[in-house]
**Student:** 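Structure incoming, see below.
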Amino acid sequence: MQQKVTILNKRDEKLVGVLHDTASQKLVVLCHGFRSTKEFDIMVNVASALESEGISAFRFDFSGNGESEGLFHFGNYSSEVEDLRSVIDYFQEINRSTVAILGHSKGGNVVLLYASKYHDIPAVVNISGRYDLKKGLEERIGKKFLEKINKDGYIDIKKRTGEVDYR
C-alpha cells in the first residue's frame, strides 16, 4: 500500500514523500539525485522491489525539489543531510526503525555524509554517487567556476536556451 506523507524539516519546510507500507516496522529510506525527485524511475522501482519483499520503503523529495517546499540550491549537501535526519526522526517517533538508507547519484553522497555524521543506520547503499565532485562541477559549469563564485558570490546555471535555470 502506498500513501503520501508530509514531514516538516528543521527549517519548517514540508518534505513530501511516498510510503510503501508493508506493515513492517523496518524501513528503508530512499534519496533521489541531483535535480531529480522521488518519482524518478530508480526510486519508484527500488521502493516497489522492497515492498514486494515485505520491506517498507519511503521515497521523498529533498527541500527545493519535486513537491517539497523550499528553494533549490546547487550543492546543499548539509541541508539535504538534515532533511534526511528529519525523515528518520519522524519515522522513529512512530515506531518505525530505519534499517537502511539508499541514495542514487547525489543522494548517494548524501547518505554517505549522513552516515559519517550520525552513525545510527546499520546499512548504507550508494548507487552511482559521485566520487569527484569538482570534476562534476567543471563538467556542468566550466573550469573557472570557482573564480566566478569568488568574484561575484554566485554563479548562474543556464538552460540551453540561455535562460537562467537556477543561481
Side-chain angles (χ1 to χ4, degrees), residues 2-22 24 26-53 55-92 96-141 145 155 157 165-167:
Q2 295 179 26
Q3 66 186 62
K4 192 174 273 193
V5 176
T6 301
I7 299 166
L8 281 181
N9 66 15
K10 290 174 177 58
R11 296 176 309 282
D12 289 326
E13 297 164 329
K14 292 177 184 173
L15 303 175
V16 179
V18 175
L19 176 63
H20 294 247
D21 194 357
T22 65
S24 168
K26 295 180 180 179
L27 178 73
V28 176
V29 177
L30 310 177
C31 300
H32 65 78
F34 178 75
R35 301 287 291 174
S36 188
T37 72
K38 67 185 174 314
E39 301 303 330
F40 184 56
D41 288 345
I42 290 174
M43 297 292 98
V44 173
N45 292 341
V46 169
S48 295
L50 289 165
E51 185 178 19
S52 71
E53 293 296 321
I55 301 166
S56 294
F58 183 70
R59 54 188 170 89
F60 74 101
D61 294 325
F62 287 115
S63 61
N65 292 270
E67 294 182 85
S68 291
E69 293 180 342
L71 298 174
F72 174 81
H73 297 280
F74 192 90
N76 211 33
Y77 288 93
S78 59
S79 177
E80 291 181 354
V81 166
E82 293 312 311
D83 284 351
L84 178 54
R85 181 67 180 184
S86 295
V87 167
I88 291 168
D89 287 347
Y90 170 84
F91 282 105
Q92 185 174 16
R96 293 285 181 110
S97 174
T98 302
V99 296
I101 50 179
L102 177 148
H104 173 258
S105 189
K106 183 181 181 197
N109 294 94
V110 171
V111 298
L112 292 174
L113 287 169
Y114 179 94
S116 71
K117 182 175 182 178
Y118 289 108
H119 312 282
D120 62 347
I121 304 299
V124 178
V125 181
N126 175 347
I127 301 174
S128 300
R130 284 201 174 265
Y131 64 91
D132 184 352
L133 294 175
K134 184 178 178 190
K135 183 179 178 190
L137 288 170
E138 287 176 357
E139 289 171 356
R140 280 197 167 89
I141 57 182
F145 71 92
I155 191 164
I157 307 302
D165 193 17
Y166 56 92
R167 175 165 283 181

**Student:** To the nearest 0.5 Å, tell me how far His104 NE2 sits from Ser36 OG.
**Tutor:**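 The distance works out to 8.0 Å.
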
**Student:** So, the side chain of Asn45 versus the backbone of Asp41: is there a donor-acceptor pair under 3.5 Å, distance only?
**Tutor:**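 Present.
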
**Student:** Which heavy-atom pair separates Ser63 from Asn9 by the least distance, and what is that distance?
**Tutor:**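 Taking Ser63 first and Asn9 second, the nearest heavy atoms are CB-ND2, 3.9 Å.
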
**Student:** With a 4.5 Å limit on heavy-atom distance, are the side chains of Arg85 and Asp89 in contact?
**Tutor:**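 Contact flag for Arg85/Asp89 side chains = yes.
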
**Student:** If you measure from OG on Ser48 to CD on Gln2, what distance do you get to the nearest 0.5 Å?
**Tutor:**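 Rounded to the nearest 0.5 Å, the OG-CD separation comes to 6.0 Å.
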
**Student:** Taking all atoms of both residues into account, what is the closest heavy-atom pair of Met43 and Arg59, and its distance?
**Tutor:**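 Taking every non-hydrogen atom into account, O-CD, 3.7 Å.
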
**Student:** Quick one: closest heavy-atom pair of Ser105 and Gly33, and the distance?
**Tutor:**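 Here Ser105 and Gly33 meet closest at CB-CA, 4.1 Å.
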
**Student:** Are Ser56 and Thr22 close enough that a side-chain donor and a side-chain acceptor fall under 3.5 Å?
**Tutor:**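 A pair is found: one side chain offers a donor N or O, the other an acceptor, under 3.5 Å apart.
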
**Student:** To the nearest 0.5 Å, what is the distance between OG (Ser78) and OH (Tyr114)?
**Tutor:**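 Taking OG in Ser78 and OH in Tyr114, the distance rounds to 14.5 Å.
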
**Student:** Between Thr98 and Phe58, is there a side-chain heavy-atom distance shorter than 4.5 Å?
**Tutor:**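 Side chain of Phe58 against side chain of Thr98, heavy atoms only: no contact under 4.5 Å found.
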
**Student:** When you compare the side chain of Ile121 with that of Val111, does any pair of heavy atoms fall below 4.5 Å?
**Tutor:**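 The answer is no; the side chains never approach within 4.5 Å.
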
**Student:** Should Leu19 and Arg96 be marked as a side chain to side chain contact (heavy atoms under 4.5 Å, CB included) after you check the CA-CA gap, both sets of side-chain angles, and the distance that decides it?
**Tutor:** CA-CA 12 Å; Leu19 176 63; Arg96 293 285 181 110; 4.2 Å; yes

**Student:** Give, for atom CZ of Phe60 and atom CG of Asn65, the distance between the pair rounded to the nearest 0.5 Å.
**Tutor:**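 Result: 10.0 Å between the selected atoms.
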
**Student:** Measuring only between side-chain heavy atoms, which start at C-beta, is Leu50 closer than 4.5 Å to Leu30?
**Tutor:**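 SC-SC contact between Leu50 and Leu30 confirmed.
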
**Student:** For Phe62 and Val110, run side chain to side chain contact (heavy atoms under 4.5 Å, CB included): C-alpha distance rounded to whole Å, both residues' side-chain angles, the deciding distance at 0.1 Å, then the answer.
**Tutor:** CA-CA 11 Å; Phe62 287 115; Val110 171; 3.9 Å; yes

**Student:** Measuring from Ile127:CD1 to Cys31:SG, what's the distance to the nearest 0.5 Å?
**Tutor:**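 The CD1 atom of Ile127 sits 10.5 Å away from the SG atom of Cys31.
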
**Student:** For a side chain to side chain contact (heavy atoms under 4.5 Å, CB included) check, start with the C-alpha distance between Glu13 and Ser68, then their side-chain angles and the critical distance, and finish with the verdict.
**Tutor:** CA-CA 7 Å; Glu13 297 164 329; Ser68 291; over 6 Å; no

**Student:** What's the shortest heavy-atom distance between Val44 and Glu39, and which atoms?
**Tutor:**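 In this case the closest contact between Val44 and Glu39 is CG2-O, 3.7 Å.
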
**Student:** Hey, which of Val16, Leu15, Thr37 is the one that makes side chain to side chain contact (heavy atoms under 4.5 Å, CB included) with Glu67?
**Tutor:**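 When side chain to side chain contact (heavy atoms under 4.5 Å, CB included) is applied between Glu67 and each of Val16, Leu15, Thr37, only Val16 qualifies.
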
**Student:** In Å and rounded to the nearest 0.5 Å, what is the CD to OG distance from Glu53 to Ser24?
**Tutor:**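 Answer rounded to 0.5 Å: 12.0 Å.
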
**Student:** Check the pair Val81 / Tyr118 against side chain to side chain contact (heavy atoms under 4.5 Å, CB included), numbers first and verdict last.
**Tutor:** CA-CA 10 Å; Val81 166; Tyr118 289 108; 4.1 Å; yes

**Student:** Do you know which of Arg11, Lys14, Lys10 makes salt bridge (charged side-chain N to carboxylate O under 4.0 Å, His left out) with Asp83?
**Tutor:**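 Of the listed options, the one satisfying the test is Arg11.
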
